Structures are given as C-alpha cells and as structure tokens.
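Notes for the one structure printed next.
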Amino acid sequence: MGRMKRAHSHGNKEFNPETLALGYAYDPALSEHSLKPPVFLTSTFEFESAEEGKRFFELVYGLRAPDEGETGGLIYSRLNNPNLQMFEERLAAWDRTEVGATFASGMAAISTSMLALLRPGDVLLTTVPIYGGTHFLFHNILPGFGIEVHPVLAGANAADDMRAVAEQVGPERVRVLYLETPANPSIVHTDIAAIAEVARELRNEHGGELTVAVDNTLLGPVFQRPRLFGADLVLYSATKFIGGHSDLIAGVVTGDAGRLKRILELRTILGTSTTPFNGWLLLRSLETCSVRMRRQAKTAQRLALALSEHPRVTRVLYPGLLDVESPQYELWKRQCTGPGSLIAFEVEGGEEAAFSILNRFEVFRLAVSLGGTESLVEHPMSMTHADVPQEELETYGVTPGLIRMSVGLEHVSDLLRDLTALSASPGPSSHARYS
Ligand SMILES: Cc1ncc(COP(=O)(O)O)c(C=O)c1O
C-alpha cells in the first residue's frame, strides 16, 4: 500500500486503475493521517524559507533544470493544488500517460491545449462531426489566430483523408491531427492507430512537430485508452463520465511531459485551471468511474436493443448493436473494451415527432450533457450541435429526427418502461415527473 502512493507498478506487480483511483498519489501522513484527501481550499502555500520559494519558482518557470530527485513545490493554486495534482496523477496513470492537467471545463482543456500547440500559419486537421463547442472553436475562433482548420469525415477513411489533405495544404504545416472518437453525436469510430501512423509518416518525411489529440470523453477512461494506440494527447470533458454526477464542470488533458509542460504554462497564464473543490469532487468521482460506466453500459445495451425493435425508430447508433461484419465493428472491438452508454436514435417525422417524444419521457430528463448518474435525452440538431450549420449536420447523419440518450443508473425496468414515450400518439404533453 505504501508503495502504491508513489508508483503504479511495484516489481512485477502492476496496479489497475480502479485500485490506483483509491490511494495513488496521496500520502495520509502529510494530512494528519486522514484516510481520504482533505479539500485544500487555499489560494496560496507558505514557503519554509525565501530560498525555498525562489527554488520553487525557478522550477515552475523553467529557469533551471531540477536537481537529482527534486520535485516542484506548491506555490499558488492557479499553478497547482494538491487536489488537482492527485487527480491528475491518477488519471495520467489510468491513461498510461506521464502527466495530467485539470481545467475549468472540457472546452478550457481543448482551447488551452490547441493554443499551446498551434501558431499562425499552422494547420489543424479534425474529424467531423465533433461536439458543437469544439466545432465553433475550430471553425470560428482559431482561424482568427491565423490557424487553418480542415475537416475530414470521422470513420473508416479518416486517416487516408487526413493524409490527402496534408499533401494538399503542405504537410510541413500540419501540427495537430484531432479526433473525437466515437464522434458526438453520430457515435462513429475513427481508427486512432491509423491516424497515429499518418502522424509518424509526416514526422519522418518533414521532421516537424505533430500531435495526435483524441477527445476521449464518450468512452474514456474506462472503455478506451487512446495512448495505447499512439495518441499523444488525451482530452476529456470531465463534466461527463469522470465527474459523473452532473454536479460540476471540468476538463482534463493527459499526455507526455513535453507537451504538457507547454499546456500547463498556458494554463497558468490564462488561468484556465479549476478550483480545489472541483479537484476533490473529481477525485471522489474517479473512485466509482469504472463501476458507474460498466453498469450504465449494461443498461444502455438493453435499451438500445429495445429501441432497435421499436416500430417508430428508423435507426439506432450504438456500438453494442454494430453489425459484426462491418468495419466499424472490427474497429470498435480492436480499439474499445465496451459500448458505453450514449445512444443516438432516429424517429420518423422529423423535429416535430422528436420533440413530442422528448416532451413525454418521465424518467429520462430533458437536458443536454451526458455521462451523469441520471438518464438524459436531448435533440442534437437544435441543442448541443446548434452551433453547426444544419446542412452540414445532415451530411454527418445528424437529422431533425435524431434523439441522443445518455443512460444513467436508474433501474433498467423503469427506463425500459419509459420508452412508452415513443408509442403514445403525438400531441400536447405534460412532461410529468416521477416523484
Ligand atoms: C465530446 C465532448 N467534448 C468536449 C465537450 C466540452 O466539455 P465541457 O462542457 O465540459 O466544456 C463536450 C461537452 O458536451 C463533449 O461532449
């Protein structure tokens, strides 16, 4: 146990992430032997001496290399804080990466990382569809900083398409290959290893710096570990499964020490990190992340099947229902270890029919976001992806009749019964609530 505090492996013993989430990176002796980490609600940390303060600043601002065995000290909570640091170390270990950085939101994590890695004239290639906020950042904000963004369709051809676009725009200008896999809300998988191979080829040919960044919000950290397939950066909206209780907004990035150093530098100066209390909530939530995600996926599998058999449903997008002969199934089996709990399904009758169904659910709550303990439904076209032009969305399969469902921890029979929302005849709804 004592060993686990400092290393996630000991001799030939490798600890699993679920075990690390309960004790790694915390030393009770430093906190009155409190078994659980306290909340370090402090903005600033006291130095033992002026010399120590100077040494800490030299390290954090990169003014000198650390001495043998020297680790940085705590200075000020915009730079770091014990609650954030413990969470970052545990998630980095989970992702099999070196360093983590926590942010005020998933969007703060994505935008700070992209601003740290990209400069005017650089090119970012991204899969589409992606979460609406990320889409807005890439297409409306980054171009204002002189960054060129080119989309390729998520899925089987994404790696070839990125290669082809890189050749067209000048491969030496390409700095980031960005993937959201599976994509929100089409649940299409993109081959991380194939994109990492494109990155390797481009690096070999041009010697330039290139980052493969994966938004792992939908299946990570439990069912997908992008680092094992060659990703350099793993990004999350921690608001979703990692936080898991719909009671916080946060983001996190994990990756190698070199890239994280640049991202952390920008986080410090932009002030995009999160609060100690959020760090504490994230630590608490990480302890149950695996249990929650596995149970939610089990329930989602039952619901997806019921939806696929429903006469009003024209299409169900869910990894657990993929045709075993399809390339997407082969990729999902190779890259992921579970189907997750996000289901998208389409009903005939467009937006009007979708809205009347959304208004009739009783147990599923009508709200955006995903990954919480409660089940949610929403309409991607007019809500989470309203930022993206409608014609563009339709080319990604996001149609007016598409509903997105995030499955929580309610009893499966209550959720299955709630699918009667699909059967009742359209008309005014009361949006009744169970009590
Ligand atoms: C896949 C994905 N990435 C990023 C984000 C942004 O995260 P946040 O809302 O925490 O800023 C979201 C939010 O819905 C998301 O679904």
Side-chain angles (χ1 to χ4, degrees), residues 84 87 91 100-115 124 126-142 151 154 176 178-190 192 213-224 226 231 233-254 267 270 272-275 278-279 281-282 285 293 296 317 319 336 340-344 365 367-372 374 376-388 393 396 398 402 404-407:
L84 301 193
F87 169 69
L91 192 68
T102 321
F103 288 87
S105 66
M107 285 315 302
I110 297 167
S111 52
T112 306
S113 302
M114 292 305 113
L115 289 174
L124 173 140
T126 175
T127 57
V128 282
I130 40 173
Y131 167 63
T134 315
H135 192 279
F136 194 88
L137 170 74
F138 287 179
H139 294 89
N140 299 70
I141 296 180
L142 292 185
V176 175
Y178 191 95
L179 304 74
E180 186 178 283
T181 184
N184 181 5
S186 64
I187 333 267
V188 170
H189 299 267
T190 297
I192 302 168
V214 177
D215 184 327
N216 200 31
T217 301
L218 263 48
L219 286 182
V222 172
F223 298 129
Q224 184 170 270
L233 280 190
V234 185
L235 302 104
Y236 296 89
S237 167
T239 312
K240 310 298 192 282
F241 291 99
I242 295 176
H245 296 71
S246 305
D247 55 8
L248 63 87
I249 298 277
V252 59
V253 181
T254 65
R267 184 185 78 166
L270 298 181
T272 46
S273 62
T274 190
T275 59
N278 251 1
L281 286 171
L282 288 166
S285 292
M293 287 190 78
Q296 284 166 271
L317 307 169
C336 313
S341 49
L342 204 67
I343 305 169
R365 320 290 290 265
V368 295
S369 201
L370 57 103
E374 60 290 298
L376 304 176
V377 279
E378 67 111 9
H379 186 248
M381 185 169 265
S382 63
M383 298 173 190
T384 43
H385 292 69
D387 281 350
V388 187
L393 281 179
Y396 311 147
V398 182
L402 196 77
R404 194 187 75 181
M405 179 176 262
S406 172
V407 178

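Atoms within each ligand, like the ligands themselves, are counted from 1 in listed order. Owing to the predicted nature of the structure, the values given are computational and were not obtained by experimental measurement.
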Those atoms of ligand 1 less than 4.0 Å from some heavy atom in [X]:
X      : answer
Ser105 : 10 (O), 11 (O)
Lys240 : 9 (O), 12 (C), 13 (C), 14 (O)
Glu180 : 1 (C)
Thr217 : 1 (C), 2 (C), 3 (N)

Handout entry: Result of checking Leu376, Ile187, Thr217, Leu317 against Leu342 for side chain to side chain contact (heavy atoms under 4.5 Å, CB included)
Key =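 That would be Ile187; it is the only one of Leu376, Ile187, Thr217, Leu317 passing the side chain to side chain contact (heavy atoms under 4.5 Å, CB included) with Leu342.
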
Exercise for the section: Give the residue, atom name and distance (to 0.1 Å) of the protein heavy atom nearest atom 5 (C) of ligand 1. Expected result: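 Nearest protein contact, heavy atoms only, for atom 5 (C) of ligand 1 is Tyr131 CD2, 3.4 Å.
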
Exercise for the section: Please write down residue, atom name and distance for the protein heavy atom closest to atom 8 (P) of ligand 1. Expected result: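 Protein heavy atom at minimum distance: Gly106 N, 3.4 Å.
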
Practice task
Under 4.0 Å, heavy atoms only, figure out whether ligand 1 is touched by the backbone of Ala238, its side chain, both or neither.
Solution key: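 Under 4.0 Å from ligand 1, Ala238 contributes no heavy atoms.
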
Rounded to the nearest 0.5 Å, how far does [atom2] of [Y] lie from [atom1] of [X]?
X      : Y      : atom1 : atom2 : result
Tyr236 : Thr102 : OH    : OG1   : 12.0 Å
Leu248 : Lys240 : CG    : NZ    : 10.0 Å
Thr181 : Leu219 : OG1   : CG    : 7.5 Å
Ser186 : Arg404 : OG    : CZ    : 11.5 Å

Handout entry: Contact (N/O only, under 3.5 Å) between Met107 and ligand 1
Key =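 Yes, at least one N or O pair falls under 3.5 Å.
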
Handout entry: Nitrogen or oxygen of Leu218 less than 3.5 angstrom from that of ligand 1
Key =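 Looking only at distances, the answer is no, because the N/O contact criterion of under 3.5 Å is not met.
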
Practice task
With side chain to side chain donor-acceptor pair (under 3.5 Å) as the test, would you mind laying out the steps for Thr272 and Thr112 before giving the verdict?
Solution key: CA-CA 8 Å; Thr272 46; Thr112 306; 3.1 Å; yes

Exercise for the section: Determine, considering heavy atoms only, which of Asp215, Ile130, Thr134, Ile249 sits nearest to atom 2 (C) of ligand 1. Expected result: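 Nearest option to atom 2 (C) of ligand 1, by heavy atoms: Asp215.
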
Exercise for the section: Check whether any heavy atom of Ala250 sits under 4.0 Å from an atom of ligand 1. Expected result: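 For ligand 1, residue contact (heavy atoms, under 4.0 Å) with Ala250 is present.
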
Handout entry: side chain to side chain donor-acceptor pair (under 3.5 Å) between Glu378 and Thr384, intermediate numbers included
Key = CA-CA 8 Å; Glu378 67 111 9; Thr384 43; 2.7 Å; yes

